[in-house]
Amino acid sequence: MTERKRFYGFVQPEPNSGCWLWTDSLYTTGYGKLRDGKKIRRAHRVSWEQTYGPIPDGLLVLHRCDTRSCVNPAHLWLGTNQDNLSDAARKGRMTRGVHNNFTRLTEDQVLAIRRSSETLSVLSARYGVGRSTVQDVRRGRTWGWLVDLRVAVLPVEQP
């Protein structure tokens, strides 16, 4: 069986969207995966290469349809990592803070970490996150957009 024939044996067209869904193994991220000899590759990248040729260095194969298991070459396009981020933002897929499914902290916890003088170890144990997570919060590498809006109100001196 040719590589191309084997590849399309794992493709199921979805008539409503036009997506070609990958029916074999998936990565936990939802992208299709295909064993190519000893190497495991992303199925949408294989689809691109079979249709259009090699992927230039530094470029990614992106989805117009936003369906990670789609391997329809008409739904794929080449772009940089910045193109991918811009596309995600334009489509409303960029989430941050508590709206991000992977976050383990709340906004109140982040603000408490920033205000605290306790050690990284104490805070990481308290909030159930790694020390590097606490350190990233403190240094503004993560949650940098979150501002503490609490303003200390000082009494005004009366003459």
Side-chain angles (χ1 to χ4, degrees), residues 1-114 120 123-124 127-149:
M1 180 182 300
T2 67
E3 180 183 322
R4 195 172 184 84
K5 221 175 209 180
R6 182 173 158 261
F7 179 86
Y8 285 102
F10 297 115
V11 174
Q12 175 67 50
E14 200 290 307
N16 296 315
S17 66
C19 288
W20 298 356
L21 303 177
W22 186 250
T23 61
D24 198 25
S25 298
L26 299 176
Y27 288 96
T28 56
T29 56
Y31 292 98
K33 64 180 173 180
L34 174 70
R35 183 170 294 283
D36 185 12
K38 291 185 178 185
K39 192 173 177 185
I40 296 177
R41 303 194 52 221
R42 289 182 183 241
H44 66 286
R45 292 179 63 85
V46 173
S47 178
W48 176 275
E49 289 176 338
Q50 286 182 356
T51 306
Y52 303 112
I55 302 163
D57 288 342
L59 294 184
L60 307 172
V61 178
L62 308 174
H63 290 86
R64 284 187 176 87
C65 59
D66 293 333
T67 302
R68 292 177 176 186
S69 64
C70 180
V71 296
N72 182 345
H75 289 195
L76 304 175
W77 58 288
L78 292 179
T80 63
N81 189 52
Q82 184 57 54
D83 293 331
N84 194 27
L85 293 171
S86 297
D87 182 54
R90 200 171 33 257
K91 293 175 178 175
R93 288 188 288 113
M94 294 294 285
T95 56
R96 60 184 187 181
V98 294
H99 302 291
N100 181 325
N101 293 333
F102 298 105
T103 191
R104 307 230 354 236
L105 296 170
T106 66
E107 292 175 0
D108 288 339
Q109 290 171 329
V110 167
L111 295 174
I113 287 170
R114 286 186 188 156
L120 298 177
L123 292 170
S124 66
Y127 295 112
V129 296
R131 291 180 54 205
S132 61
T133 299
V134 174
Q135 188 171 41
D136 287 347
V137 166
R138 282 190 167 164
R139 291 183 175 173
R141 283 193 209 124
T142 57
W143 296 84
W145 54 270
L146 182 62
V147 178
D148 191 349
L149 298 177

Working note: R35 + D24, criterion side-chain contact (heavy atoms from CB on, under 4.5 Å); need CA distance, chi angles, decisive distance, verdict.
CA-CA 10 Å; R35 183 170 294 283; D24 198 25; over 6 Å; no
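- Without hydrogens or angle criteria, R64 side chain to L76 main chain gives a donor-acceptor distance under 3.5 Å.
- Of the inter-residue distances, the one linking R141 atom CZ with T133 atom OG1 reads 11.0 Å to the nearest 0.5 angstrom.
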Sequence neighbours excluded and cut-off under 3.5 Å, please list the side-chain donor-acceptor pairs for residues 10-21, or say none.
unit_1: E14; atom_1: OE1; unit_2: N16; atom_2: N; d: 3.3
unit_1: E14; atom_1: OE1; unit_2: S17; atom_2: N; d: 2.7
unit_1: E14; atom_1: OE1; unit_2: S17; atom_2: OG; d: 2.7
unit_1: E14; atom_1: OE2; unit_2: N16; atom_2: N; d: 3.4
unit_1: E14; atom_1: OE2; unit_2: N16; atom_2: ND2; d: 3.4
unit_1: S17; atom_1: OG; unit_2: C19; atom_2: N; d: 3.1

Residues V61, L78; criterion side-chain contact (heavy atoms from CB on, under 4.5 Å); working and verdict:
CA-CA 5 Å; V61 178; L78 292 179; 3.8 Å; yes
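- L105 places none of its side-chain heavy atoms less than 4.5 Å from the side chain of T142.
- Of the possible polar contacts, one joining the W22 side chain to the K33 backbone as a donor-acceptor pair under 3.5 Å is found.
- A distance of 7.5 Å separates SG in C65 from CG in N72, rounded to the nearest 0.5 Å.
- Side-chain N or O atoms of Y52 include one that pairs as donor or acceptor with a backbone N or O of P73 at under 3.5 Å.
- A pairwise comparison of heavy atoms in G9 and T23 identifies O-OG1, 4.4 Å as the closest pair.
- The line from OG of S69 to OH of Y27 is 14.0 Å long, rounded to the nearest 0.5 Å.
- A distance of 13.0 Å separates CH2 in W143 from CG in D136, rounded to the nearest 0.5 Å.
- Inter-residue side-chain proximity for E3 and F7 is flagged as unmet; no heavy-atom pair is nearer than 4.5 Å.
- How far CG of N84 is from CG of L59: 11.5 Å, rounded to the nearest 0.5 Å.
- Put simply, the side chain of V129 does not reach to within 4.5 Å of the side chain of V137, judged on heavy atoms.
- Within the structure, the salt bridge (Lys or Arg N to Asp or Glu O under 4.0 Å) test picks out the following pairs touching residues 70-87 (sequence neighbours left out): D87-R90, D87-K91, D87-R93.
- No donor-acceptor distance shorter than 3.5 angstrom exists from the side chain of H75 to the backbone of C70, with no hydrogens or angles considered.
- Every pair passing salt bridge (Lys or Arg N to Asp or Glu O under 4.0 Å) that includes a residue from residues 40-62 is listed here, sequence neighbours excluded: D36-R41, R41-E49.
- Side-chain atoms of L34 and R6, non-hydrogen and from C-beta on, do get closer than 4.5 Å to each other.
- Across all non-hydrogen atoms, the minimal contact from R138 to I113 is NE-O, 3.5 Å.
- Contact annotation: the side chain of V134 never approaches that of Y127 to less than 4.5 Å [non-hydrogen atoms, C-beta and beyond].
- Although no hydrogens or angles enter the test, the distance criterion places a donor-acceptor pair under 3.5 Å between the side chain of S86 and the main chain of Q82.
- Taking the side chain as every heavy atom from C-beta outward, Y31 and H63 approach each other to under 4.5 Å.
- Note that the CG atom of L62 and the CG atom of L60 stand 5.5 Å from one another [nearest 0.5 Å].
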